[in-house]
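What follows is a single structure, written as structure tokens, with notes after it.
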Amino acid sequence: MNTKKYGPVIDWFVISVFLITVVLTTTVDRLWEKFTYIAPIPVFFALCLLLLNHVSVRDCLKTREKEFILLCVGIILSGVNIILIRSNIGAFFTITNFLLFLYLADKVRFSKAQLTLIAAVSLLILFYWLFINREIYGNVATNPNRASLFIFIHFCVFVCFLVCFLPSLQASKRLRSVVLLLIACGVGARVLSLHCRGVFLAVIVWAGTYYVLPKKKFTVSLVISVSLLIPVVYLILWKSGIFDGVVVYGKNVNSGRNVIWYEFLKVFIRYPITGIGSDFDRMLPDLYAKDTHHALLDLLFVHGIPVFMIVLCLMYRRIRRVVTAFEGPVQCVCIASIYGILSAGSFENFYIVSPCNMLFLMIFVMCNSISTSDIQPKTVP
């Protein structure tokens with residue numbers, strides 16, 4: 001299906017689906033409430049088109065490509081688990097979309113014009129949340145955490161585009177550092193105005209990764225492990241009572257995630273292989289907030305250990321490729337954005353659901369679509 005004649009047309013169609021979904025779900029809260037529940041379905045079909053347009057399924061089957069086999073096993077296994085546990089069907093699209101995203105992240109190539117359009121939309125939405133929508137914590141019509149996540153993900157997409165495709169920023173380290181720091185400070189200040197501590201931590205992780213953290217392979221396992229350990233440490237501290245009554249930036253440290261993670265864990269222990277599914281009203285009838293508030297834990301709790309291990313394998317390989325395949329400014333800004341997004345996903349589902357999963361994918365696509373003449377390629381082990 002990936003022909004010279006129709007390939008670009010298919011890509012433009014997919015990008016249109018992505019951008020319509022992004023605009024409808026990240027600008028007006030009323031549209032978010034109405035559209036976000038059906039968004040995974042058109043996104044699923046769009047990702048399938050991307051797969052057929054950029055990957056030869058016949059060759060994958062003929063050569064028994066390991067990652068393609070993992071993708072198929074993950075999708076089939078998640079479907080079986082959903083039937084066994086009597087889950088809501090929406091969970092199938094969530095995990096399938098994310099598996100497709102992880103598989104395609106290093107295979108899709110978009111043109112500069114296509115990526116420019118994506119970055120322009122991210123800039124416009126970022127501008128809206130920074131300068132037009134002036135809601136602050138205590139005077140907010142939308143969910144302040146959701147607004148902060150939108151700000152951060154669009155910031156990541158936009159700065160990745162700037163560094164990947166603006167020659168002056170690639171050539172001048174001083175100019176690049178100053179420009180990115182100023183934008184990050186503006187984003188951090190806006191997030192603080194919404195009192196979103198998790199996303200503010202993600203901004204700090206972004207800056208720390210970009211300016212300080214070594215861009216080495218070991219950091220991939222480190223960041224994923226820390227993301228998974230955060231709930232464990234959080235629960236231990238909650239049970240110890242050490243943070244009882246402690247308030248940080250207008251909110252209690254025991255924000256409610258302690259109860260949510262604990263209740264999900266108690267039920268998950270009974271269904272570690274199939275997961276508990278997404279029918280939370282049946283599985284967790286007494287839990288007031290039926291949302292895991294953690295991207296990776298959501299996949300673990302809902303879909304079980306085997307599917308979760310496939311996700312971790314593909315995620316590790318995708319991120320490791322960014323670390324090992326390139327060096328220089330492109331590598332720095334993409335890794336900083338990826339690690340920042342993983343950090344924000346330690347407190348919200350965030351990057352596994354639409355529209356954020358599509359924007360997360362665009363960061364990988366930008367990194368892989370850039371001309372090799374603009375960066376210093378390395379051999380991927």
Next on the checklist: Tell me whether the rings of F152 and F350 are parallel (<30°), tilted (30 to 60°) or perpendicular (>60°).
Outcome noted: tilted
Next on the checklist: Over 60° means perpendicular and under 30° means parallel, so tell me whether Y137 and H195 are parallel, tilted or perpendicular.
Outcome noted: parallel
Checklist entry - Given L342 and M315, is the side-chain contact (heavy atoms from CB on, under 4.5 Å) satisfied, shown in steps? => result CA-CA 11 Å; L342 292 182; M315 177 181 283; 4.3 Å; yes
Item to check | Test: R282 and D279 ion pair at under 4.0 Å | outcome: yes
Item to check | Lys/Arg N to Asp/Glu carboxylate O, E348 vs R257, below 4.0 Å | outcome: yes
Please find out if less than 6.0 Å separates the ring center of [X] from that of [Y].
X: F161; Y: F158; result: no
X: F280; Y: F264; result: yes
X: F131; Y: F127; result: yes

Would you give the length of the straight line joining atom [atom1] of [X] to atom [atom2] of [Y], rounded to the nearest 0.5 angstrom?
X: L312; Y: L299; atom1: CG; atom2: CG; answer: 8.5 Å
X: R176; Y: L181; atom1: CZ; atom2: CG; answer: 13.0 Å
X: I183; Y: L126; atom1: CD1; atom2: CG; answer: 8.0 Å
X: I335; Y: I338; atom1: CD1; atom2: CD1; answer: 4.5 Å
X: M362; Y: C367; atom1: CE; atom2: SG; answer: 13.0 Å

Checklist entry - D298 and T292: side-chain donor and acceptor closer than 3.5 Å? => result yes
Item to check | No-hydrogen, no-angle side-chain donor-acceptor test under 3.5 Å, N357 and N97 | outcome: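 No.
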Checklist entry - Are Y37 and W32 close enough, and set up right, to give a ring-ring contact (aromatic ring centres under 6.0 Å, His included), and what steps lead you there? => result CA-CA 8 Å; Y37 296 104; W32 164 273; 8.0 Å; no
Item to check | ring-ring contact (aromatic ring centres under 6.0 Å, His included) between W261 and Y234, worked out | outcome: CA-CA 9 Å; W261 290 336; Y234 198 91; 5.4 Å; yes
Checklist entry - Is the charged tip of K107 near the ring of Y103: under 6.0 Å from the six-membered ring centre and within 45° of its axis? => result yes
Checklist entry - Does S78 have any side chain to side chain donor-acceptor pair (under 3.5 Å) partners at least two apart in sequence or in another chain, and if so, which? => result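 None.
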Co-membership, hydrophobic cluster, residues [X] and [Y], 4.5 Å side-chain:
X: V80; Y: F93; value: no
X: L100; Y: M309; value: yes
X: L84; Y: V307; value: no

Next on the checklist: Evaluate V23 against V121 for side-chain contact (heavy atoms from CB on, under 4.5 Å), listing each step before the verdict.
Outcome noted: CA-CA 8 Å; V23 172; V121 171; 3.9 Å; yes
What is the minimum heavy-atom distance between [X] and [Y], and which atoms define it?
X: D291; Y: H293; value: O-ND1, 2.8 Å
X: S343; Y: V205; value: OG-CG1, 3.2 Å
X: T274; Y: N81; value: O-CB, 3.5 Å

Looking only at atom types and distance, does a side-chain atom of [X] sit under 3.5 Å from a main-chain N or O of [Y], one as donor and one as acceptor?
X: S16; Y: W12; answer: yes
X: K215; Y: T209; answer: yes
X: Y271; Y: V302; answer: no
X: S172; Y: L169; answer: no
X: S148; Y: C196; answer: no
X: W129; Y: T26; answer: yes
X: N53; Y: G7; answer: yes
X: N88; Y: G90; answer: no
X: S193; Y: R190; answer: yes
X: H294; Y: S227; answer: yes

Next on the checklist: Could you walk me through whether L194 and I151 satisfy the side-chain contact (heavy atoms from CB on, under 4.5 Å) test, starting with their C-alpha distance in whole Å, then the side-chain angles of each, then the deciding distance to 0.1 Å, before giving a yes or no?
Outcome noted: CA-CA 11 Å; L194 293 164; I151 291 168; 4.1 Å; yes
Item to check | Student check: side-chain heavy atoms of I319 and Y339 closer than 4.5 Å | outcome: yes
Checklist entry - Hey, are the side chains of F218 and R320 touching, using non-hydrogen atoms and a 4.5 Å cut-off? => result no
Item to check | Check against side chain to side chain donor-acceptor pair (under 3.5 Å), S87 and S278 | outcome: CA-CA 5 Å; S87 172; S278 63; 3.0 Å; yes
Next on the checklist: Given F101, which partner from the list F18, F360, F44 fulfils the ring-ring contact (aromatic ring centres under 6.0 Å, His included) test?
Outcome noted: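 The passing option is F360.
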Checklist entry - Under the side-chain contact (heavy atoms from CB on, under 4.5 Å) criterion, do D281 and K290 qualify, and how do the steps go? => result CA-CA 8 Å; D281 289 332; K290 295 176 173 58; 3.1 Å; yes
Checklist entry - Between Y210 and S177, does a side chain to side chain donor-acceptor pair (under 3.5 Å) hold up when you go through it step by step? => result CA-CA 9 Å; Y210 184 81; S177 297; 4.9 Å; no
